[in-house]
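The next block holds one structure in the form of structure tokens; read it before the comments.
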Protein chains: 2
Amino acid sequence: MDETLTQGAQPGPAPQKGTVTQRAIEQIKALIAGGRLEPGQRLPTERDLAAQLGISRSSMREAIRALTVLGVLEARHGSGIYVTQLEAGDLLETFGVVADLSRGPRLVELLEVRRILESTATALAAARITPAQLAEVEKHLAAMNATDDPEEILAHDLAFHREIAAAAGNDTMAAILEGLSSRTFRARVWRGYQEEGAFARTRREHAAIHRALVAHDPEAARAAAAAHVGEVEQWLRAQLDR
Amino acid sequence: MDETLTQGAQPGPAPQKGTVTQRAIEQIKALIAGGRLEPGQRLPTERDLAAQLGISRSSMREAIRALTVLGVLEARHGSGIYVTQLEAGDLLETFGVVADLSRGPRLVELLEVRRILESTATALAAARITPAQLAEVEKHLAAMNATDDPEEILAHDLAFHREIAAAAGNDTMAAILEGLSSRTFRARVWRGYQEEGAFARTRREHAAIHRALVAHDPEAARAAAAAHVGEVEQWLRAQLDR
DNA sequence: TCAGCGGAGTGGTCGGACCACTATGGCTCC
DNA sequence: GGAGCCATAGTGGTCCGACCACTCCGCTGA
């Protein structure tokens, strides 16, 4: 593997725009976008990459670390650096950070986005869900209703909606919803919401969503999901007004 | 500013989970999520932070760089490191990376997500848009129809939809749509689409969206926007089938 | 034949040095 | 006395070299 990834680049002085690390990030991204680096492929070593781009290993490591947290690259200790599969889950994992660091009015906005996507995903799921997928949904629905432990309820609640999103058949949408429902995000909002005795209402809403799925009724599913998220949204709005 | 941010942390041996850099990232994120670091606030120097967490400056720099590309921190050369305002635009800038690195079927999924959000945003805009905002939209619409330069058309096309998204009143949604419409993403898809003489159709669709905005008719706006994005979506689907 | 064991190669961490830039304060000059 | 310049301390940016921890693979010996 002597092939240099940067062959053909202008040999003149570097463009001098931004930091060298930022430049390295852009160059690696360009290599992937341009198809010279395929998903799953192994990159040259940090030392070689740094030499090829004419920067120090330290700067190259910062670039690699940045692309790692973005879900573009994956570093395996002792083995090498690899391009991820670039699937929705890999790249949208950082979406959870947004949810975790948002507060106040932005939480309402996030819930509004979730309401829109979740209702559509649930409608799609109603049309496409298979018996096996439906059984999985029902498993979490039953488990949710069989316990009083808030932690367990939250876990099955998450899984309930995750299965539905998966049944919608759009991995990208499912990955975004996963981020919008990240554990810490929901734990923060759910805690206060459920403390006000919303368990019964939540169960009713989940049951309504389930009925719509069984009936393969997209419009009913859309309405039920929108109402479900909307309830939390309105509660949070009221909290912020105080 | 002698106050240490890490006071109160367990003094025992480090948790030993993951790399030290990853740990540093989580700790800084926790400081922000916990409210000990406010938006806009300045952090201690890299050297001090590294000393407080007991790691080297190199590792701390990687952590800071990672949080910088995520839009959580901002480093100003010669001045210091600051927490961003943590607004939707800051945190969702990375969404463009997803769009730029996605190919094949995932592009269709992204367009589907955009169709859902864009149609809702346009509907909201129809209900809420102000005369001033409407004038801005019309400016880009006129500019788009007054030129034949594809680059200029694309720029005003982006601005057209950006203004509408802004008028919807949900910054988070607007930021996501901005990522889904990032310049390189649209340039890749638009190029082929417009080459097939879709200019006339695009103009008709934009006109329909504009009419709905003027009439403050959310449902018409939703339908027009969904059809607009849907056209591209269907074209891309057909391309992939070949 | 294969289990065990090395060594080479790789990412992970560290410490130090120096450069580039910013901000602050005092100083000069008007 | 005030405005503008400028030296300087402090900060992030970059580079280097060393060593550690881990993985992988080929060699060795039973």
Residues passing the salt bridge (charged side-chain N to carboxylate O under 4.0 Å, His left out) test with A:E138, sequence neighbours excluded, are none
Just to verify, what does B:R186 make a salt bridge (charged side-chain N to carboxylate O under 4.0 Å, His left out) with, not counting sequence neighbours? B:D157
Using a heavy-atom cut-off of 4.0 Å across all strands, would you classify A:I81 as base, sugar-phosphate, or nothing? sugar-phosphate
Quick one, give me the B/S/- string for nucleotides 4-9 of chain C, reading 5' to 3', where B means a protein heavy atom under 4.0 Å from the base and S means that only happens at the primed atoms, P, OP1 or OP2. -----B
Residues of residues 54-62 of chain B with a heavy atom under 4.0 Å from any atom of DNA chain D, listed by number, are B:R57, B:R61
For A:R76, answer base if it contacts any base atom (sugar-phosphate contacts may also be present), sugar-phosphate if it contacts only those atoms, and nothing otherwise; contact means non-hydrogen atoms under 4.0 Å. sugar-phosphate
Value in whole Å for how far the P atom of C:dT13 lies from CZ of A:R47: 13 Å
With sequence neighbours left out, which residue pairs that include part of residues 158-167 of chain A fulfil the salt bridge (charged side-chain N to carboxylate O under 4.0 Å, His left out) condition? A:R162-A:E178
Atom-to-atom span, CD of B:E46 to C1' of C:dC14 - whole angstrom: 15 Å
For A:R61, all residues meeting salt bridge (charged side-chain N to carboxylate O under 4.0 Å, His left out), sequence neighbours excluded: A:E46, B:E62
Going by salt bridge (charged side-chain N to carboxylate O under 4.0 Å, His left out), name the pairs with one or both residues in residues 72-81 of chain A, residues two or more places apart or in two chains. A:E74-A:R76
Does anything in residues 86-111 of chain A form a ring-ring contact (aromatic ring centres under 6.0 Å, His included)? List the pairs, not counting sequence neighbours. A:F95-B:F95
Verify side chain to side chain donor-acceptor pair (under 3.5 Å) between B:T19 and B:Q22, making sure each step is shown before the conclusion. CA-CA 5 Å; B:T19 68; B:Q22 194 61 39; 4.9 Å; no
Applying ring pair (Phe, Tyr, Trp, His ring centres under 6.0 Å) to B:F185 and not counting sequence neighbours gives none
B:T94: what forms a side-chain hydrogen bond (donor to acceptor under 3.5 Å, both in side chains) with it, not counting sequence neighbours? none
What is the distance from CD of B:Q22 to C1' of C:dT13, rounded to the nearest Å? 15 Å
Results of salt bridge (charged side-chain N to carboxylate O under 4.0 Å, His left out) for B:E87 - residues two or more places apart only: none
Distance under 4.0 Å to a non-hydrogen atom of chain B counts as contact; along DNA chain D, which nucleotides mark the start and end? D:dG10 to D:dT14
